[in-house]
Amino acid sequence: GAGVSQTPSNKVTEKGKYVELRCDPISGHTALYWYRQSLGQGPEFLIYFQGTGAADDSGLPNDRFFAVRPEGSVSTLKIQRTERGDSAVYLCASSPMGGPPDTQYFGPGTRLTVL
Amino acid sequence: GQQVMQIPQYQHVQEGEDFTTYCNSSTTLSNIQWYKQRPGGHPVFLIQLVKSGEVKKQKRLTFQFGEAKKNSSLHITATQTTDVGTYFCAGPRTGGFKTIFGAGTRLFVKA
């Protein structure tokens, strides 16, 4: 079956601009995670959704970052006033039920470059 | 805060040699997961360990969870070029849904 998909695969933007990154989880998966990964580092947790609600947003670095999942399926990560330090690969993962312990299935990621 | 550390950061081996990566948590973990990320790819789930002292095998890969549930290891016997990639361990934050990943061990295999 289809895995987790993310769009766009690459996004280049200028400092100060607004960007949206989209994640389509595996059908039927109720849990959805957003991570960002810098070169040579492990994925860094940003936010976790169980259904439509953000059950844990403790990883969002500041109020420029926001994520939604209005219908409990597709999720959008929104970054306002982008900064060069936001450049990274943004990964989305979904899991059947959510919460530890549960296997997370990762998407291919969106590579964000802020010039 | 809660941390998950991995050593070594890099490992170069000759094809056929064994490889081990170690994972240490600053706190007791309810479970630990291992992922593999190929160059240019995304993390792919390998296995999850839940019980104290648990040992699981997948072909040439052996995974262990420490008795105190604070450390884990992944051992690959007779590495192959297809084993190239970065191996991450990850554990849940105590009392939350946050998953904390180690920085990973990048494995290079020379044919």
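Below, read A as the first sequence line, B as the second, and so on, with proteins coming before strands; counting in each chain starts at 1. Small disclaimer: the values here were computed from a predicted structure and weren't measured.
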- Item | Atom group of A:Y35 that falls short of 4.5 Å from chain B, counting heavy atoms | side chain

- Enter the distance from A:F45:CZ to B:F101:CZ here, rounded to the nearest 0.5 Å. 11.0 Å

- Message: Could you report the tightest heavy-atom contact between B:H42 and A:P108, atom names first, then the distance?
- Response: ND1-CA, 3.8 Å

- Side chains of A:Q37 and B:F88: closer than 4.5 Å at any heavy-atom pair? yes

- Is there a side-chain contact between A:Q104 and B:Y35 (heavy atoms, below 4.5 Å)? yes

- Query: Would B:F65 and B:Y87 show up in the same hydrophobic cluster when neighbours are defined by side-chain heavy atoms closer than 4.5 Å?
  - Reply: yes

- Item | A:L39, CG: over 12 other non-hydrogen atoms inside 6.0 angstrom | no

- Query: Which atom names give the shortest non-hydrogen contact between B:R93 and A:D56, and what distance separates them?
  - Reply: NH2-OD2, 3.1 Å

- Message: Looking at chain B, which one of A:A93, A:G107, A:G109, A:A55 has the largest number of heavy-atom pairs inside 4.5 Å, strictly under?
- Response: A:G107

- Message: What's the separation between atom CG in A:L91 and atom CD in B:Q37, rounded to the nearest 0.5 Å?
- Response: 7.0 Å

- Item | Residues, nucleotides or ligands: over 12 heavy atoms within 6.0 Å of A:F66 CZ | no

- Task: Take B:T99 and A:Y33 through the test side-chain contact (heavy atoms from CB on, under 4.5 Å) and record every step on the way to the result.
- Result: CA-CA 9 Å; B:T99 302; A:Y33 301 77; 4.1 Å; yes

- Query: Should we say atom CD of B:Q14 is surrounded by more than 12 heavy atoms from elsewhere, each under 6.0 Å from it?
  - Reply: yes

- Query: If Ile, Leu, Val, Met, Phe, Trp and Tyr residues are connected whenever their side-chain heavy atoms lie under 4.5 Å apart, and connections chain through other members, are B:I47 and B:I76 in the same group?
  - Reply: yes

- Item | Whether over 12 other heavy atoms sit under 6.0 Å from B:Q9 CD | no

- Item | Verify same cluster id: A:L77, A:F106 (apolar side-chain graph, 4.5 Å) | no

